[in-house]
J.: 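First the structure, then my questions, so here it is.
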Amino acid sequence: MEAEKVKELKKVALKLRSNVLEMVGVGKAGHLGGSSSLAEITAVLYFHKMRLNPKDPKDPKRDRFLLSKGHAVLIQYAALVELGYFPREELKKVKTLEGLLQGHPDMKTPGIEAVTGSLGQGLSIANGMALALRLEKNPARVYVIMGDGELSEGQLWEAAMASANFKVDNLVGIVDYNRIQATGPIKEVFDTGDIPAKWKSFGWHVIEIDGHDIPQIAKALDEAETVKGKPTVIIAHTVKGKGFSFAENSAAYHNAALTEELYKQAQEELRKQGELL
Amino acid sequence: MMIKLETKSLREAYGLCLVELGKRNKNVVVLEADLGKSTRTVLFKEAFPDRFFEMGIAEQNMASTAAGFALAGKIPFYNSFAVFASGRAFDQIRNSICIPKLKVRICGSSCGLSDFGDGKTHQSVEDVAILRAIPNMTILSPADAVETVMMMEAMLDVDGPVYIRINRNDLPIVTPENEPYKIGKIWELRKGKDIAVFATGYMVKKALEAAEELSREGIEVRVLNVSTIKPLDTKAVISHSKGVKGIVTVEEHSVIGGLGSAIAEALRKEAHPPIEFIGIQDKFGTSAKNYEELLEAYGLTSKAIADAVRGMAGR
Ligand SMILES: Cc1ncc(C[n+]2csc(CCOP(=O)(O)OP(=O)(O)O)c2C)c(N)n1
Ligand SMILES: [Mg+2]
C-alpha cells in the first residue's frame, strides 16, 4: 500500500474516533473502548476494501459489514456518516427518541445490515448471508467483526463449525482481540485460552495482525480473498480505547460517561494525533 | 429487614442481600456473565470469591451450570440483564431447571425499559410472558429497593426456580418497611372503592400518583402491588374485583402475557368488571436519552393510568 494511501486512511481512522467521541458526548453512557479499538479496521474496510454504494444502501452487489459485537456500533455510525448514509445532525441525536441512531444496530439505519447487540449471533447471520450470496453467484463478500469477550458465547462456535462445514469462503471473520471484556481483562474475568489455535482447530484459515496497522489490515483482507474452500478469520491484536490515553487497555470505558474535562482532554489528544500525521 | 438500606437502587439492594444470604447459608453460590458491575454481583464476589463463578458471556451455559449446582445441593443465583437471563437461555431454563423444579434463582437485571439508552436488544418487554408460561416457575417483580430486600430474605425458602426482575434505576420507595412480607401476597397499598389498579414494579409508584390525583376528583382508586406475578394470589384478585367499577393493570412489559394477562386469566370464570391493560403495546423498546422520557413515549405514566381510570369510572 502506498504511503499516501496509508496516511489518508490514518486520517480517516482519526476522524472516525472523533465522530465516536462526539456521539459518546458528556455525561451519558457510551461504548468508547470497543468502538475505538476498531477505528483502523473500520477505516480500511469502509474506505478502501469494501465495494459500497452509499446512494443505494441495499444494492445487492454491496459487500456486507456486520458487527457481531453490536455494542460498538458507534464506530460503524462514524463511518456511515462520512460516506453520506445519513445526515451529520444524526450524530448529536444518537440514542434519543428523535434520532435515527439506536444504541445497538437497528435496521432502520441505512447501512446497517442486521440486528446485533445480543452477543454471539453475528457470525451465524453472516453465514446465512454468505451462503445466500453463493447460491445467487453474487460476488459480494461478508465481513463480520466479533469481540474477544464475545467469543465465550457458544453460538459463535456453532457458527464457526458451520462456516467450515459449508466451506464458506466469501466471508471473513475479524476478532477484535483487545484482551478486555466488559468487567475486566479476559485473562482474569473468563479466560478463553488460545484463540488462534481454537479457530485453527475449527477449520479456519487464521491470520494474525496488528489491528491498528493499516497496511497489515489491508494485506490480511487481500489474503483472505485468495483463500478458497475454507473460511478465514483475522485475529486483530488491538488496544481497547485506542487513541484515548485514559481509556486505553482499560475496562473502565467499556461503556461509561465522560466528564466535561475528560471530553476536552480526549478532543485535545485526537487533535495532537492529527498534527503528527 | 435483613440489611440496613441506604439506597434507592434495586440492584444495589439485590447485591447487598446476596452477600447477606451468602453469610447466612454457605450453599449460596453466584454465577455471573460479565455484567457483575451492573448487576452488583461484584459485592458477592468480593465477600465470597470461592463461591462466585464468572461464567463469561455465555448465558445458556450459565443457566444449565446453575442447574448442575442445584442438583448437587447448592442454591445458585445466576445473573444477567433480564433480556439475556430469560430469553437467551429459555430452553436451558425450561429443560435443565424447570422440569426438575430446581432451586435456581435467576436475576433479570436492567428489566423492562430501564436500560433506556441501549435500545430494543437490551430491553426486556416479554421476559415475564415467556417465563410465566413455564410450569414450576415463580416470578417476582419488586416495586422498590425495600421490597427487593424483603423478597431476597424470603427467597431461600421458596421451593423450585425463582425469577426476580430488577430495575436498573433508582426508584422512589413505596413499600411499607415494617409490614410482614410473604412471597405470593398482593399488597394493598391504597384503599379505594371505585376502581382497582393492579400494578407491578415501578408502575406501582405511577399508580399511587394517579390515585392521589384522582382522589381530588372524587374517584377512589385501590392500588394493589402484585409483586409476585406467579404464582398469582388468585383469591385476592377475585375478591378485589368485586364491587369495583373497573380494573386496570399496569406493567412495564408487553400487554401480551404479563401481569394483565395473568389477572384476566384469574378472573376468567368470574363475573367481573371491564379490565384495561396498560403496558407496552406489542412493540419492542427503543433508545432514549432518559428513563422517564422513554416511559412517557410508551404510555407508562400516571397520566395514562388516570385517563384509563376516568374512562372506567365514567368520567
Ligand atoms: C448476550 C449478551 N450478553 C451480555 C451482553 C452485555 N455486554 C455487552 S458488551 C459486553 C462485553 C463484550 O466484550 P468484548 O466482546 O471483548 O467486546 P469489546 O472489548 O470489543 O468491547 C457484554 C457482556 C450482551 N450485549 N449480549
Ligand atoms: Mg474485548
Side-chain angles (χ1 to χ4, degrees), chain A residues 23-25 27-31 68-71 73 92-109 114-121 146-158 180-184 186 188-193 251-252 254-257, chain B residues 31-42 45 49 52-65 79-89 91-92 110 113 115-124 168-169 284-298:
Chain A
M23 287 181 273
V24 170
K28 43 183 194 172
H31 290 95
S68 187
K69 42 168 281 189
H71 59 278
V73 71
K92 287 196 179 51
K93 294 186 279 181
V94 68
K95 298 204 266 180
T96 66
L97 290 173
E98 305 77 38
L100 185 64
L101 308 180
Q102 293 285 301
H104 287 81
D106 189 87
M107 300 306 283
K108 74 177 174 186
T109 310
V115 168
T116 53
S118 181
L119 291 169
Q121 305 186 8
M146 296 159 273
D148 49 0
E150 185 190 11
L151 293 184
S152 46
E153 283 288 2
Q155 184 183 348
L156 266 178
W157 298 100
E158 297 176 21
I180 293 179
Q181 51 192 112
T183 55
I186 294 199
E188 291 166 26
V189 176
F190 185 79
D191 190 353
T192 41
H254 170 75
N255 181 22
Chain B
L31 290 79
E32 177 55 72
D34 196 25
L35 287 168
K37 287 183 190 171
S38 181
T39 61
R40 305 309 294 150
T41 60
V42 280
K45 179 186 174 182
F52 176 84
F53 298 87
E54 172 55 63
M55 300 302 294
I57 312 165
E59 296 78 9
Q60 298 168 317
N61 182 49
M62 176 167 65
S64 293
T65 306
N79 301 268
S80 184
F81 282 6
V83 74
F84 308 130
S86 63
R88 185 55 172 268
D91 193 58
Q92 286 76 8
S110 283
L113 301 174
D115 185 10
F116 51 86
D118 278 328
K120 36 183 89 88
T121 54
H122 283 56
Q123 294 159 348
S124 64
R168 183 183 185 85
N169 304 306
F284 289 110
T286 193
S287 291
K289 76 172 173 296
N290 66 56
Y291 185 36
E292 292 299 330
E293 175 193 80
L294 185 57
L295 292 174
E296 200 173 319
Y298 280 75

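Here is how names work: the chains are called A, B, and so on, in the same order as the sequence lines, proteins then strands, and each is numbered from 1.
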J.: Would you check if B:R88 and A:Q155 make a side-chain contact, meaning some heavy-atom pair closer than 4.5 Å?
T.: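 Contact flag for B:R88/A:Q155 side chains = yes.
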J.: Just how far is it from atom NE2 of A:H31 to atom CG of B:D118, taken to the nearest 0.5 Å?
T.: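 Separation between the atoms: 5.5 Å.
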J.: So which residue, A:G103, A:G30, A:S152, ends up with the most heavy-atom pairs under 4.5 Å with chain B?
T.: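 Ranked by heavy-atom pairs under 4.5 Å with chain B, first place is A:S152.
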J.: To the nearest 0.5 Å, how far apart are CG in A:L97 and CZ in B:F116?
T.: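 If I round to the nearest 0.5 Å, the distance is 11.5 Å.
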J.: Any idea which heavy atoms bring B:I57 and A:E150 closest together, and the distance?
T.: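 So the two residues come closest at CD1-N, 3.9 Å.
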J.: Sort A:V189 into side chain, backbone, both or neither according to what part of it lies under 4.5 angstrom from a heavy atom of chain B.
T.: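 For A:V189, the contact with chain B is made by backbone and side chain together.
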J.: Please look at A:T192 and chain B and tell me whether the side chain, the backbone, both or neither of the residue comes under 4.5 angstrom of a heavy atom of that chain.
T.: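 No part of it gets close to chain B.
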J.: Please find the pair of heavy atoms, one from B:K120 and one from A:D106, that lie closest to each other, and give the distance.
T.: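 Taking every non-hydrogen atom into account, NZ-OD1, 2.6 Å.
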J.: State the NZ-CD distance between B:K289 and A:E98, to the nearest 0.5 angstrom.
T.: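 It comes to 5.0 Å.
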J.: Between B:N61 and chain A, which part of the residue has a heavy atom less than 4.5 Å away: side chain, backbone, both or neither?
T.: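 Neither the backbone nor the side chain of B:N61 comes within 4.5 Å of chain A.
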J.: Look at B:E32, B:M55, B:H122 and state which one has the largest set of heavy-atom pairs under 4.5 Å with chain A.
T.: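 Counting heavy-atom pairs under 4.5 Å, the top option is B:H122.
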J.: Looking at CG of A:L119 and CD of B:E59, how far apart are the two atoms once the value is rounded to the nearest 0.5 Å?
T.: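 With rounding to 0.5 Å, CG (A:L119) is 7.5 Å from CD (B:E59).
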J.: Working to the nearest 0.5 angstrom, can you tell me the gap between A:H71 NE2 and B:T121 OG1?
T.: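 The distance works out to 11.5 Å.
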J.: Determine, stepwise, if the pair B:K37 / A:H254 fulfils side-chain contact (heavy atoms from CB on, under 4.5 Å).
T.: CA-CA 12 Å; B:K37 287 183 190 171; A:H254 170 75; over 6 Å; no
J.: Side chain from CB out, backbone as N, CA, C, O: work out which of these in A:A29 comes under 4.5 Å of a heavy atom of chain B, or both, or neither.
T.: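 Neither part.
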J.: What heavy-atom pair brings A:Q102 and B:G119 nearest, and what distance separates the two atoms?
T.: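 Closest approach of A:Q102 to B:G119: OE1-CA, 4.3 Å.
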J.: With rounding to the nearest 0.5 Å, note down the distance linking CG in B:L294 to OG1 in A:T96.
T.: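 Atom-to-atom, B:L294:CG and A:T96:OG1 are 11.5 Å apart.
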J.: For B:F84 versus A:S118, what's the shortest heavy-atom pair and its separation?
T.: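 B:F84 and A:S118 have their closest heavy atoms at CE2-OG, 3.4 Å.
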